[in-house]
Amino acid sequence: MTDPTHPAPSHTPVRVRIAPSPTGPLHIGTARTALFNYLFARHHGGTFILRLEDTDGARSSIAYEKDILDGLHWLGMTWDEGPDVAGGADIGTYGPYRQMQRLDRYEEAATRLLDQGDAYPCYCTPEELDAERKAREAAKEQPRYSGRCARLTPDQRADFLAEGRRSAIRFRIPDGPIVVDDIIRGRVEIDGAQLGGDLVIVRADGNPLYHFTVVVDDAAMGITHVIRGEDHLSNTPKHVLLFRALGAAVPHFAHLPLILNPDGSKMSKRKSQTALSDYLAEGFIREGLVNYLGLLGWSTGTDEDVLSLQDLVDQFDLPHVQKGGARFDRERLLWLNGQWIRRLSPDELVDRLRPFLEADRIAGRIARMPSDEEIRALLPLIRERLPMLGAVTETAGFFFADQLELDPAMLVPKRWGPQTTIEGLRAARAAIARGGEVTFEADELEAPLRGLAEERGWKVGDLFMAIRVAITGRTATPPLFDTMVALGFQRTLARLDRAIEVLVASAGA
RNA sequence: GCCCCCAUCGUCUAGAGGCCUAGGACGCCACCCUUUCAAGGUGGAGAUCAGGGGUUCGAAUCCCCUUGGGGGUACCA
């Protein structure tokens with residue numbers, strides 16, 4: 001914390017925010033940015049704020065707002081200020097935390113900039129601007145607003161008004177270097193002349209624009225550290241200028257590396273699964289996702305890689321954030337998810353599995369819904385076979401089937417023919433029945449069946465595989481005897497009988 | 001086009017001038033365990049630290065150039 005590249009937040013209480021725009025479902029990148037802000041806030045005992053940037057009325061919706069808030073909560077994050085529930089009331093004293101409810105503040109700030117001469121009304125129409133841009137393009141000049149409205153006389157303004165023109169408001173961007181001291185990237189210097197000319201901060205229809213609202217809000221909410229994606233780095237000089245013009249303290253900036261598609265471009269819906277809810281629906285659990293996201297672009301500097309949210313809070317720091325973009329690696333996420341599924345308590349795992357089984361029951365992928373006790377009993381057989389919760393039916397669905405779909409070809413082990421298989425299954429059935437229901441236990445089943453194979457000169461693997469497919473319909477299953485026990489004496493025998501029937505029928509034909 | 005950022009195994013990364021004949025993890029390949037599949041264990045392949053110049057007794061680490069990648073450049077956020 002005394003690192004020189006790490007502005008000591010101990011002096012001023014940390015205030016950070018995540019400012020999602022409810023124009024789509026919670027994006028995995030937004031979730032990570034939120035997480036890093038959250039970790040930073042909690043690590044330093046600061047305040048984590050959620051602000052909704054909903055000024056794009058046409059694209060914003062309460063459904064997306066809900067998706068975003070629910071997703072962040074689901075991951076385990078809580079915020080100290082902002083709306084706690086979608087559409088709900090704000091918590092915190094710097095509110096409101098929805099930009100649509102802060103329009104008066106933007107208006108006030110814009111008026112101030114106008115009065116100070118830092119901003120001016122611009123009467124150019126979109127058509128004029130467009131023509132200007134094209135002309136510059138043709139002349140191979142950089143796109144940049146000419147500034148034609150920057151020095152209008154009162155008379156000229158009156159004329160435009162008389163024409164019925166409405167004005168946007170532009171903020172003056174002076175030429176000259178602007179320095180951004182980024183905690184992650186160091187000193188970044190950009191010339192104001194490269195910023196595209198004076199910036200529109202309020203549209204002709206009166207709606208304030210993003211670059212303006214973020215700054216007004218960050219200033220008003222006392223944000224001390226702006227932690228966001230690298231895609232905002234180039235625009236930061238505009239923000240710095242705005243903070244200064246508004247007479248506000250410029251916050252510290254930390255630009256995070258972007259999450260990339262497998263091909264290395266900025267992560268997009270087109271090339272990747274970006275909605276957090278889609279991961280949730282597949283059965284990724286919060287512990288796995290948080291762990292993975294926390295390590296995308298940041299590391300502890302040690303060899304540990306299975307980390308809980310609390311571990312991340314304890315160890316998080318900005319200087320260890322990577323500068324280069326990070327490709328999203330589903331395999332690694334899957335592995336971490338499996339790690340965390342195995343670490344869940346039995347009760348917890350049953351609770352998390354239940355909705356997936358219910359969904360598959362409704363979808364008709366399993367015939368009946370198992371009880372909690374039944375799921376719990378199966379846990380030792382399936383928990384290390386679940387990379388994600390959604391795999392439960394694939395792994396254990398045969399337990400809850402009324403009748404297995406049996407493929408005669410699959411029933412016959414590679415080295416065996418149909419006749420041998422029928423023989424083997426009949427003999428196995430007899431041996432199991434002979435053992436009786438009382439001693440129907442994994443330990444008691446193995447010896448007689450093994451003995452049977454030896455006696456008949458069969459490879460145990462072949463016999464066991466035939467039985468396995470007969471009672472599960474699959475070649476890959478949990479351990480055979482545990483599976484039989486979980487299935488129960490009667491059902492095991494019934495399934496063996498049916499498999500024999502199926503084989504006899506297909507062999508006879 | 002212009003501006004900005006970045007550059008260590010396929011991927012995520014450790015590394016802040018000598019501890020590096022570059023470490024860990026995922027994935028991959030073997031082997032062990034084993035009735036299948038997993039899980040677990042052990043071992044292995046895998047990076048001339050993008051390339052080239054400097055600086056230094058010494059560079060993956062500092063500087064410059066080149067190349068490559070990414071981002072930005074709206075009356076979108």
Side-chain angles (χ1 to χ4, degrees), chain A residues 5 19-21 23-24 53-56 59-60 122 124-126 129-130 133 137 140-145 166-170 180 182 184-186 188-191 193-196 199-205 207-211 213-214 229-237 255 257-258 260 262-266 292 295-306 319-320 322-336 338 342 381-387 395 446 449-450 453 459-465 467-469 472 474-481 483:
Chain A
T5 61
S21 181
T23 52
E53 311 221 319
D54 57 355
T55 50
D56 187 337
R59 291 194 297 148
S60 296
C122 171
C124 298
T125 63
L129 259 16
D130 207 49
R133 188 174 309 116
E137 214 168 292
K140 288 197 168 180
E141 286 176 56
Q142 351 175 359
R144 180 192 217 283
Y145 175 61
R166 310 199 38 193
S167 68
I169 299 175
R170 280 191 192 264
V180 176
D182 192 278
I184 297 167
R185 278 144 223 286
V188 177
E189 190 179 310
I190 298 178
D191 196 296
Q194 299 295 336
L195 265 26
L199 177 74
V200 176
I201 54 174
V202 180
R203 287 201 285 214
D205 67 7
N207 281 123
L209 259 11
Y210 170 76
H211 294 304
T213 59
V214 244
E230 195 199 331
D231 48 349
H232 289 288
L233 182 57
S234 294
N235 288 320
T236 303
H255 287 90
L258 260 22
L260 274 19
D263 69 4
S265 54
K266 180 179 171 182
Y292 179 70
L295 257 22
L296 246 201
W298 178 78
S299 65
T300 60
T302 69
D303 282 350
E304 306 165 82
D305 36 27
V306 180
H320 275 95
Q322 197 80 6
K323 292 192 190 78
R327 293 169 208 242
F328 194 86
D329 181 3
R330 189 183 164 93
E331 290 301 318
R332 191 172 160 81
L333 168 61
L334 234 20
W335 176 76
L336 276 170
R342 274 166 240 140
L381 309 200
I382 62 173
R383 70 183 315 158
E384 65 270 12
R385 275 165 259 263
L386 293 177
T395 306
E446 184 161 357
L449 290 172
R450 220 172 248 286
K459 289 216 181 248
V460 274
D462 290 337
L463 207 221
F464 288 5
M465 184 52 84
I467 299 172
R468 180 191 321 283
V469 177
T472 67
R474 312 180 55 94
T475 53
T477 72
L480 185 59
F481 307 110
T483 300

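Bear in mind that the values here come from a model prediction, so they are computed numbers and not experimental data. Throughout, a chain's letter reflects where its sequence line sits, starting with A, and its residues are numbered from 1.
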Under 4.0 Å, counting only non-hydrogen atoms across every strand here, what does [X] touch: a base, just sugar-phosphate, or nothing?
| X | value |
| --- | --- |
| A:Val460 | nothing |
| A:Leu296 | sugar-phosphate |
| A:Arg342 | sugar-phosphate |
| A:Pro257 | nothing |
| A:Thr477 | base |
| A:Phe481 | base |
| A:Thr300 | nothing |
| A:Gly324 | sugar-phosphate |
| A:His232 | base |
| A:Leu258 | sugar-phosphate |
| A:Arg383 | nothing |
| A:Glu189 | sugar-phosphate |
| A:Ala326 | sugar-phosphate |

Can you tell me, in whole Å, how much space there is between the [atom1] of [N] and that of [M]?
| N | M | atom1 | result |
| --- | --- | --- | --- |
| B:rC26 | B:rC64 | C1' | 37 Å |
| B:rC20 | B:rC63 | P | 24 Å |
| B:rA38 | B:rG27 | P | 12 Å |
| B:rA74 | B:rC3 | P | 16 Å |
| B:rG44 | B:rA22 | P | 14 Å |
| B:rU42 | B:rC5 | P | 44 Å |
| B:rG23 | B:rC65 | C1' | 31 Å |

Side chain of [X] only, please: which of [options] is the nearest?
| X | options | value |
| --- | --- | --- |
| A:Glu230 | B:rC5, B:rC6, B:rC26 | B:rC5 |
| A:Tyr210 | B:rA77, B:rU35, B:rC37 | B:rA77 |
| A:Ser265 | B:rC37, B:rG71, B:rC76 | B:rG71 |
| A:Arg185 | B:rG72, B:rC2, B:rC6 | B:rC6 |

**Item:** Worked verdict on A:Ile184 versus A:His255 for side-chain contact (heavy atoms from CB on, under 4.5 Å)
**Value:** CA-CA 6 Å; A:Ile184 297 167; A:His255 287 90; 5.7 Å; no

Base partner of [N], which must satisfy Watson-Crick or wobble distances under 3.5 Å:
| N | result |
| --- | --- |
| B:rA47 | none |
| B:rC2 | B:rG72 |
| B:rA39 | none |
| B:rC62 | B:rG54 |

Separation of atom [atom1] in [X] from atom [atom2] in [N], rounded to whole Å:
| X | N | atom1 | atom2 | answer |
| --- | --- | --- | --- | --- |
| A:Arg385 | B:rU35 | CZ | P | 14 Å |
| A:Leu381 | B:rU34 | CG | P | 19 Å |
| A:Gln322 | B:rU8 | CD | P | 8 Å |

**Prompt:** Between A:Arg385 and A:Thr395, is any side-chain donor less than 3.5 angstrom from a side-chain acceptor?
**Reply:** no

**Message:** Using only modelled atom types and a 3.5 angstrom limit, is any donor from either the side chain of A:Arg468 or the base of B:rU35 paired with an acceptor on the other?
**Reply:** yes

**Fill in**
Judged by nearest nucleotide, the residue sitting upstream toward the 5' end of RNA chain B, A:Asp303 or A:Gly325, is A:Gly325

**Item:** Given RNA chain B, 5'-ward residue of the pair A:Gln194 and A:Gly297, judged by closest heavy atom
**Value:** A:Gln194

**Message:** Please determine whether a side-chain nitrogen or oxygen atom of A:Lys266 lies at a distance below 4.0 Å from atom OP1 or OP2 of B:rG69.
**Reply:** no

